[in-house]
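Presented below is the structure to which this report refers.
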Amino acid sequence: MAEAAAGLAALGARVWVTHLPGDAAPPGCIRCGSPDEALSGAGVVLLPVQAVEPDGRLHTEGALPALYIRPEALDRLAPGAVIFAGLASETLRTAAADRKRTLVEYRDRDDFAIYNSVPSAEGALQMAMEASPLCLFDSQSLVVGFGRTGVTMAQMLRGIGAHVTVAAQRETELARIYACGYRPLALANLTGGMAETDFVFNTVPALVVTRSALARAPRHQVIVDLASAPGGVDFTAAEQFGIKALLAPGLPGKVAPVTAGRIVATLVVRYLSHREERA
């Protein structure tokens, strides 16, 4: 978020920040002592990628004090203000609608998610390489799900020289997997597909890598779960079978914070530009 703020400031925006780590504000930004000060008169509010809690609490890093966005705080914004939240709470959605504020939940937008899939996939590869004595090159690698992150994950694995199988549910997805040159695997047959796989990268936010599937997996297998918490892997069973299974939330901000921040800033600029064109 610090990089996103600095990027927006570099484009000429007047940026106020609060509750970011460190003593100094990002380049070109002004540090505020409170959320109320930061929100006063703002035309754009940029909240973290992580979900807003039901009580309005926002994600902060380290030992920073708790930060909340209250419904009444939206009254401080400029008319026509836009609020960008990775994922809003129902309270924030209602508060924005009642006050006729535009709320953009950007985490699940296709454009943001596809751009964000690149650092996510790179981070997953890094985790897999660190956790396994095997090379990804010439490995048998399985991607579960062929959505926005799954597509990027499969492309990177092929680029590194892995033999890539992709599991999906719908026939149209399986056809596309085949057309892209990967080995298609029906999700219903995942248990059998796990048996000869060195690496598994799950992107499905539901329990798909079950105990029965893990029972068939080789013990050297490494699983990286990129799905939203609690993920799609039976982690208890994986531990009992001696299989390394790693939950990997928030990879873009962890492995490539500068790139992740630039993606957020670009999203804001693109949205506002298109909004102005439509006006």
Check for me whether the distance between the ring centres of Y106 and Y271 falls short of 6.0 Å.
no

Taking all atoms of both residues into account, what is the closest heavy-atom pair of [X] and [Y], and its distance?
{"X": "Q221", "Y": "T197", "answer": "NE2-O, 3.0 Å"}
{"X": "M1", "Y": "V49", "answer": "SD-N, 4.4 Å"}
{"X": "A121", "Y": "M156", "answer": "CB-SD, 3.6 Å"}
{"X": "I160", "Y": "F137", "answer": "O-CD1, 3.4 Å"}
{"X": "G231", "Y": "L247", "answer": "CA-CD1, 4.1 Å"}
{"X": "A9", "Y": "G28", "answer": "CB-O, 3.7 Å"}

Ion pair D55/R57, N-O distance below 4.0 Å:
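Answer for the salt bridge query: no.
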
Check this for me: does any side-chain nitrogen of one of R93 and E90 sit under 4.0 Å from a carboxylate oxygen of the other?
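Judged by the 4.0 Å cut-off on N to carboxylate O distance, R93 and E90 do form a salt bridge.
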
Side-chain ([X]) to main-chain ([Y]) donor-acceptor, under 3.5 angstrom:
{"X": "D225", "Y": "L246", "result": "no"}
{"X": "R158", "Y": "M153", "result": "no"}
{"X": "R31", "Y": "L20", "result": "yes"}
{"X": "E105", "Y": "A88", "result": "yes"}
{"X": "E37", "Y": "G33", "result": "yes"}
{"X": "R216", "Y": "G193", "result": "no"}
{"X": "D234", "Y": "A237", "result": "yes"}
{"X": "E173", "Y": "R170", "result": "yes"}
{"X": "T203", "Y": "T149", "result": "no"}
{"X": "R101", "Y": "V82", "result": "no"}

Does [X] belong to the same Ile/Leu/Val/Met/Phe/Trp/Tyr cluster as [Y], with side-chain heavy atoms less than 4.5 Å apart forming each link?
{"X": "M127", "Y": "L226", "value": "yes"}
{"X": "F241", "Y": "V222", "value": "no"}
{"X": "V208", "Y": "I243", "value": "yes"}
{"X": "V15", "Y": "L272", "value": "yes"}
{"X": "M194", "Y": "V204", "value": "yes"}

Report yes if some heavy atom in the side chain of [X] is under 4.5 Å from a heavy atom in the side chain of [Y]; otherwise report no.
{"X": "R211", "Y": "Q240", "result": "yes"}
{"X": "V224", "Y": "V200", "result": "no"}
{"X": "V52", "Y": "L87", "result": "no"}
{"X": "L74", "Y": "L92", "result": "yes"}
{"X": "T102", "Y": "R275", "result": "yes"}
{"X": "Q140", "Y": "E196", "result": "no"}
{"X": "L142", "Y": "F199", "result": "no"}
{"X": "M129", "Y": "L134", "result": "no"}

Would you check, one step at a time, whether the test side chain to side chain contact (heavy atoms under 4.5 Å, CB included) holds for L47 with I83?
CA-CA 8 Å; L47 304 181; I83 304 163; 4.2 Å; yes

Nearest 0.5 Å, please: how far is [atom2] in [Y] from [atom1] in [X]?
{"X": "Q169", "Y": "L187", "atom1": "CD", "atom2": "CG", "value": "5.5 Å"}
{"X": "H19", "Y": "S34", "atom1": "NE2", "atom2": "OG", "value": "9.0 Å"}
{"X": "I223", "Y": "S132", "atom1": "CD1", "atom2": "OG", "value": "12.0 Å"}
{"X": "S141", "Y": "H163", "atom1": "OG", "atom2": "NE2", "value": "9.0 Å"}
{"X": "N116", "Y": "I263", "atom1": "CG", "atom2": "CD1", "value": "5.0 Å"}
{"X": "L39", "Y": "W16", "atom1": "CG", "atom2": "CH2", "value": "11.5 Å"}

With a 6.0 Å cut-off (strictly less than), is the heavy-atom count around [atom1] of [X], excluding the residue itself, greater than 12?
{"X": "Q50", "atom1": "CD", "answer": "yes"}
{"X": "R270", "atom1": "CZ", "answer": "yes"}
{"X": "Y68", "atom1": "OH", "answer": "yes"}

Donor-acceptor pair between S117 and T152 side chains, under 3.5 angstrom:
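Distance-only check passes for S117 and T152.
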
Could you tell me if T91 and S89 have a donor-acceptor pair between their side chains, going purely by distance under 3.5 Å?
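On atom types as modelled, these side chains do not qualify, holding no pair under 3.5 Å.
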
Summary of salt bridge (charged side-chain N to carboxylate O under 4.0 Å, His left out) pairs that have at least one residue in residues 68-88, sequence neighbours excluded:
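Passing the test, one end in residues 68-88: D36-R76, D75-R99.
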
With sequence neighbours left out, which residue pairs that include part of residues 235-258 fulfil the salt bridge (charged side-chain N to carboxylate O under 4.0 Å, His left out) condition?
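For residues 235-258: none.
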
With side chain to side chain contact (heavy atoms under 4.5 Å, CB included) as the test, would you mind laying out the steps for N202 and V143 before giving the verdict?
CA-CA 6 Å; N202 176 59; V143 178; over 6 Å; no

Residues in ring-ring contact (aromatic ring centres under 6.0 Å, His included) with F235, at least two apart?
none

Apply side chain to side chain contact (heavy atoms under 4.5 Å, CB included) to residues I30 and V17 and explain how you reach the verdict.
CA-CA 6 Å; I30 299 170; V17 299; over 6 Å; no

For L8 and L46: C-alpha separation, side-chain torsions, deciding distance, then whether side chain to side chain contact (heavy atoms under 4.5 Å, CB included) applies.
CA-CA 11 Å; L8 292 169; L46 181 55; 4.1 Å; yes

